[in-house]
Amino acid sequence: MKAIRFDRFGGPRELQLVDMPDPVPGDGEILIEVHAVSVVPGDCKLRNGDLVDHFPVTPPKVPGRDGAGIVRGVGGGVAGFSPGDRVCFTCQHVDQGSYAELACRPVAEVVAMPERLDFVEAAAVMHAGVCAHIAIVGTAGVKTGDRVLVHAAAGAIGGMAVQLCRHLGAEVTGTCSARNADHVRALGADRVIAYDVEDFTVAAGEQDVVLDLLGGNVHARSRTVLRPGGMLVWLIALPFGKEDDGRDVVVRQAIIKDNPEILSAVVALAEEGHLRPLISRVLPLEEAAQAHRIVEAGENTRGRLVLDVRRSSA
Ligand SMILES: NC(=O)c1ccc[n+]([C@@H]2O[C@H](COP(=O)([O-])OP(=O)(O)OC[C@H]3O[C@@H](n4cnc5c(N)ncnc54)[C@H](OP(=O)(O)O)[C@@H]3O)[C@@H](O)[C@H]2O)c1
């Protein structure tokens, strides 16, 4: 099979298109012909070697945290999936990833694809939807009437979080650049704060929950907009200063651990139309290095950059 691999940590040019042996599904595994994969910021950080303290990865490594495709084979003990099924899946950073024509995944990380979506759309929903679900539902427990501030609402996870909050009946405010204000409103935000125009600590008013997808300075300042007892949920590993401002707020990390229940919940929300796939652009697999340059330059916005594995740039 063809795959994108880096053989040492470094910049995007380390991503090379290579031939690799076809994987063979072991017991409890599913062999998937991959059609689409989303490029997530973590793929770039992993390739740079920035995440070795979190994920013990040793190159050579095929990146890729999720995908969508067609079942081509099943290992022993697998029930519920057959060759020809359309599925979407997640991959762990420590495993061989999905920037490849074929991937083997344990059955617990595979779920039937929403019928209304195509492969590119299904890939775009997977990791972003799972992260948003874990943060908003599993960690913050957002409920009807809650006031929720979602930072980076024009990003892939933020965009999913806005839709999820809207579906749950929360009052959602999103932060993004002014050029993306209409996009975030269209996702269901009641209010938008353009970070290049306004200071959210002044404009946001009191919130029950803040979702921090930016870290650093935004993290520390987010504490100031929470009501007493409110919750700051974060999933960015940037360091932030000592939290000794005396405020009565709960600060909780959203731990991103995929499981079959969350995968199924995300797919069901997508099937029902509550989670719309957000796709910024689509590139062929062989342009993975260019995809990483775009993501690292901060030029990706309004959703996932997706690699179409079956499309050639030739
Ligand atoms: N720790 C974990 O387990 C974990 C898991 C998943 C993701 N993450 C991290 O979570 C972060 C978000 O991921 P993602 O995939 O959603 O990223 P993304 O799609 O690349 O998000 C980028 C967005 O950030 C917005 N942004 C930049 N500066 C901003 C500011 N000052 N205020 C508001 N918005 C701002 C941009 O908005 P504009 O385009 O409008 O400028 C852009 O749309 C990443 O850093 C990722 O690595 C961590």
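Remember, it's 1-based here, ligands and their atoms both numbered in the order they're listed.
Looking at R221 and D199, a side-chain N of the basic residue comes within less than 4.0 Å of a carboxylate O on the acidic one, giving a salt bridge. Salt-bridge check for E287 with R311: failed, with every basic side-chain N at 4.0 Å or more from each acidic carboxylate O. The existence of a salt bridge linking E14 and R8 is confirmed by a sub-4.0 Å separation between a basic side-chain nitrogen and an acidic carboxylate oxygen. Checked for salt-bridge contact, K61 and D7 miss the test: no charged N lies under 4.0 Å from a carboxylate O. Remark: R179 does not engage D196 in a salt bridge, criterion side-chain N to carboxylate O under 4.0 Å. At a threshold of 4.0 Å, the pair E33-R72 counts as salt-bridged, since one of the basic side-chain nitrogens sits closer than that to a carboxylate oxygen.
The shortest N/O to N/O separation between Y195 and ligand 1 falls below 3.5 Å. Some N or O of S177 is nearer than 3.5 Å to an N or O of ligand 1, by distance alone. The N/O atoms of R304, backbone and side chain alike, include one that comes under 3.5 Å of an N/O atom in ligand 1. In terms of polar-atom proximity, defined here as any N/O pair under 3.5 Å, G42 makes no such contact with ligand 1. For ligand 1, one of its N or O atoms has an N or O atom of I157 under 3.5 Å away. For ligand 1, the polar-atom distance check against R179 finds a nitrogen or oxygen pair separated by under 3.5 Å.
Note on ligand 1: L235 sits in its first shell, one or more heavy atoms being nearer than 4.0 Å. For the ligand labelled ligand 1, residue Q253 lies outside the 4.0 Å heavy-atom shell. In this structure, T175 is part of the shell of residues with a heavy atom less than 4.0 angstrom from ligand 1.
Which of N217, L214, V295, D43 comes nearest to atom 26 (N) of ligand 1 through a heavy atom is settled by distance: it is L214. With distances taken over non-hydrogen atoms, the option nearest atom 19 (O) of ligand 1 out of A254, G303, A156 is A156. Across G155, S280, G159, heavy-atom proximity to atom 21 (O) of ligand 1 is greatest for G155.
Atoms of ligand 1 lying under 4.0 Å from at least one heavy atom of A154, given by number and element, are 40 (O), 43 (O). Against a heavy-atom cut-off of under 4.0 Å, P41 is close to the following atoms of ligand 1: 15 (O), 17 (O), 20 (O), 46 (C), 47 (O). Atoms of ligand 1 lying under 4.0 Å from at least one heavy atom of C131, given by number and element, are 6 (C). Numbered from 1 in the order shown, with element, the atoms of ligand 1 that lie under 4.0 Å from a heavy atom of I256 read 3 (O), 5 (C). Atoms of ligand 1 lying under 4.0 Å from at least one heavy atom of N180, given by number and element, are 38 (P), 39 (O), 40 (O). Those atoms of ligand 1 that come under 4.0 Å of a heavy atom in K45, given as number and element, are 44 (C), 45 (O), 46 (C), 47 (O). The atoms of ligand 1 that sit less than 4.0 Å from any heavy atom of C176 are 40 (O). Counting the atoms of ligand 1 from 1 in the order shown, those under 4.0 Å from a heavy atom of L213 are 11 (C), 12 (C).
For the pair R65 and H93, the tightest heavy-atom approach, listed with the atom from each and the gap, is CD-CE1, 3.7 Å. For the pair L235 and A254, the tightest heavy-atom approach, listed with the atom from each and the gap, is CB-O, 3.9 Å. Minimum heavy-atom separation, A128 to A156: CB-O, 3.8 Å.
Ring-centre distance between Y195 and H151: not below the 6.0 Å cut-off.
A cation-pi arrangement is absent between R5 and Y99 under the rule of less than 6.0 angstrom and at most 45 degrees off the ring axis.
Between M20 and V62, the closest side-chain pair of non-hydrogen atoms falls below 4.5 Å.
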